[in-house]
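The figures here come from the full heavy-atom set of this structure, side chains too, leaving out hydrogens, waters and symmetry mates. This one's a predicted model, so the numbers in the text were calculated from it and none came from an experiment.
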Amino acid sequence: MSVIDLRSDTVTRPGPAMRRVMAEAEVGDDVFRDDPTVDRLEAMVAEMLGKEGALFVASGTQSNLCALLTHCGRADEYIVGQQAHTYLYEGGGGAALGGIQPQPINLEEDGTLDLEKVEGLIKPDDYHYARTRLLCLENTTNGRVLPAGYPEEARALVDRRGLSLHLDGARLFNAAVKSGRSGAELAAPFDSVSICLSKGLGGPVGSVLAGKAGFIKAARRWRKVLGGGMRQAGLLAAAGIYVLENHIERLAEDHAHALRLAEGLAAIGGCEVDPGAVQTNMVYVGLPADRLDALIEHLAGQGILVYKGNPMRFVTHLDISSEDIDRTVAAMGAGLE
Ligand SMILES: *Cc1c(COP(=O)(O)O)cnc(C)c1O
């Protein structure tokens with residue numbers, strides 16, 4: 001029985017073609033700037049996102065942290081979603097390593113931050129306060145694409161108030177495929193953008209941070225400070241190039257699978273799910289609390305892995321087929337009978 005792993009889109013494993021380009025990659029010492037494959041990946045991402053430069057980093061966490069440390073100094077502040085990955089799931093790195101104060105604010109239903117509330121939280125120029133330097137957004141956020149026009153409104157606000165604007169675009173290409181807009185269009189309003197190669201794109205390791213040339217130069221220094229200077233990293237960058245060339249358009253399949261899953265589950269008593277709310281590769285399903293543990297055990301018995309949570313998050317990806325979706329719907333139905 002094959003395992004169906006719906007816990008995250010990080011669980012994909014490199015196939016033979018990807019492993020081949022990794023094995024054959026031309027490499028050098030990237031700390032000496034001698035790795036042509038890393039250079040090629042960085043140039044490729046800079047171009048795709050319409051930025052002057054890019055930096056290959058070990059993870060999305062390291063990418064966002066490099067961005068925070070580059071935009072903000074000690075006792076500076078950044079405004080960020082209370083439920084945003086950068087604030088909630090990155091170990092407080094900005095505070096621990098940069099002395100940067102977060103100002104979290106609740107996300108609205110659509111994944112945006114209310115810009116009036118954001119503006120009200122920008123601190124006055126007075127030594128009682130931290131200096132507000134940066135606004136940080138996420139796209140997609142909980143599988144939802146930021147509404148068209150919203151990043152441009154955020155840009156207008158930060159320009160008016162002298163802040164910078166960072167995007168945690170771990171799943172930016174899911175947003176691009178869903179909205180029919182290019183990565184560069186979605187990245188345009190932002191000073192810096194982080195993308196993950198190891199989420200839906202299906203790469204094994206790594207993220208890329210993009211921005212202006214001077215920003216990337218400073219971020220490269222921070223990456224070294226963080227212990228992220230990697231030597232023959234072209235082995236990993238080759239996989240990154242491979243997924244950017246081969247796995248962007250196919251994200252539409254993951255989105256279709258997520259919708260199929262939501263529609264299947266919506267017909268099952270006990271599953272609370274709105275297929276209309278599914279935009280990309282995530283489905284959130286409310287379940288009867290008293291049956292959660294038994295359901296997870298039942299699914300595990302069928303070779304289906306899910307995170308314990310209510311609503312439960314299901315994530316589709318490269319290694320999930322439409323048969324896997326049908327098997328999951330059937331197992332959920334049996335588990336909730
Ligand atoms: C996964 C993720 C990150 C961090 O990436 P890692 O490579 O796991 O460190 C950042 N932001 C978002 C929205 C993510 O989903």
Side-chain angles (χ1 to χ4, degrees), residues 3-12 59-61 64 81-90 106-112 137-146 168-175 177-178 196 198-202 251-268 270-322 324-333 335-336:
V3 169
I4 301 173
D5 194 341
L6 294 158
R7 291 173 301 168
S8 176
D9 48 8
T10 55
V11 300
T12 57
S59 67
T61 299
N64 285 325
Q82 183 90 48
Q83 302 83 4
H85 202 282
T86 315
Y87 171 65
L88 193 57
Y89 299 115
E90 295 179 9
N106 270 328
L107 286 182
E108 302 300 312
E109 189 69 29
D110 62 0
T112 62
L137 302 176
E138 194 174 292
N139 200 13
T140 61
T141 177
N142 296 328
R144 301 189 69 118
V145 181
L146 287 180
D168 178 355
R171 298 184 179 85
L172 185 71
F173 289 107
N174 292 86
V177 165
K178 175 64 187 180
C196 282
S198 58
K199 296 282 168 81
L201 292 179
L251 290 169
E253 284 173 43
D254 298 345
H255 303 170
H257 287 156
L259 183 59
R260 183 184 178 101
L261 178 65
E263 286 170 349
L265 295 179
I268 295 171
C271 285
E272 223 175 283
V273 53
D274 174 12
V278 174
Q279 294 187 1
T280 60
N281 67 334
M282 293 185 190
V283 182
Y284 288 86
V285 185
L287 295 161
D290 57 332
R291 304 189 60 182
L292 200 58
D293 288 336
L295 178 66
I296 291 169
E297 202 173 315
H298 169 80
L299 292 173
Q302 306 280 310
I304 299 169
L305 303 182
V306 293
Y307 257 134
K308 183 170 176 173
N310 202 2
M312 186 177 278
R313 187 188 79 163
F314 296 77
V315 189
T316 57
H317 52 75
L318 191 59
D319 293 350
I320 296 291
S321 65
S322 54
D324 293 338
I325 296 297
D326 296 343
R327 231 175 89 193
T328 302
V329 171
M332 287 284 287
L336 286 167

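Remark: the backbone N or O of N142 is not paired with any side-chain donor or acceptor of R313 at under 3.5 angstrom. In this structure, E138 contributes its side chain and H85 its backbone to a donor-acceptor pair below 3.5 Å. Side-chain atoms of D110 come within 3.5 Å of backbone N or O of T112 as a donor-acceptor pair. Checking side-chain atoms of T140 against main-chain N and O of V145 turns up no donor-acceptor pair under 3.5 Å. With hydrogens and angles ignored, the 3.5 Å screen pairs no side-chain donor or acceptor of T141 with any backbone N or O of R144. When atom types are taken as modelled, the side chain of R291 and the backbone of L336 share a donor-acceptor pair closer than 3.5 angstrom. Checked by atom type and distance alone, the side chain of N139 never pairs as donor or acceptor with a backbone atom of L172 at under 3.5 Å.
Residue E272 qualifies as open at atom CD: its count of foreign heavy atoms under 6.0 Å is 12 or below.
Closest of all the heavy-atom pairs between T316 and I320 is CA-CG1, 4.5 Å. Contact record, C271 with L265: CB-O, 3.2 Å, taken as the closest heavy-atom pair. Smallest separation of non-hydrogen atoms from L201 and F173: CD1-CD1, 4.1 Å. Here the closest heavy-atom approach between residue Y87 and residue G81 is recorded as CB-O, 3.6 Å. The two atoms that bring T12 and D319 nearest to each other are CA-OD2, 3.3 Å, heavy atoms only. Between V283 and A262, the shortest heavy-atom distance links the atoms CG1-CB, 3.9 Å.
Judged as a salt bridge (charged side-chain N to carboxylate O under 4.0 Å, His left out), and not counting sequence neighbours, E263 has no contacts. For the ring-ring contact (aromatic ring centres under 6.0 Å, His included) test, no residue two or more places apart in sequence or in another chain qualifies with Y307.
Note: N281 CG to L261 CG = 11.5 Å, rounded to the nearest 0.5 Å. To the nearest 0.5 Å, atom CD1 of residue I296 and atom CG of residue L305 are 11.0 Å apart. Atom-to-atom distance recorded for M312:CE and L295:CG is 5.5 Å, nearest 0.5 angstrom. Distance check, rounded to the nearest 0.5 Å: CD of Q82 to CG of L107 gives 8.5 Å.
Residue D9 forms a side-chain hydrogen bond (donor to acceptor under 3.5 Å, both in side chains) with just one option from H317, K199, R171, and that option is R171. None of L299, T328, I4 except one satisfies the side chain to side chain contact (heavy atoms under 4.5 Å, CB included) rule with V306; the exception is L299.
Between Q279 and H255, the side chains place no donor N or O within less than 3.5 Å of an acceptor N or O (distance only, hydrogens not considered).
Using a 4.5 Å heavy-atom threshold, the side chains of M332 and I304 count as separate. Within the 4.5 Å cutoff, no side-chain heavy atoms of K178 are placed close to those of L251. Between M282 and N174, the closest side-chain pair of non-hydrogen atoms is not below 4.5 Å.
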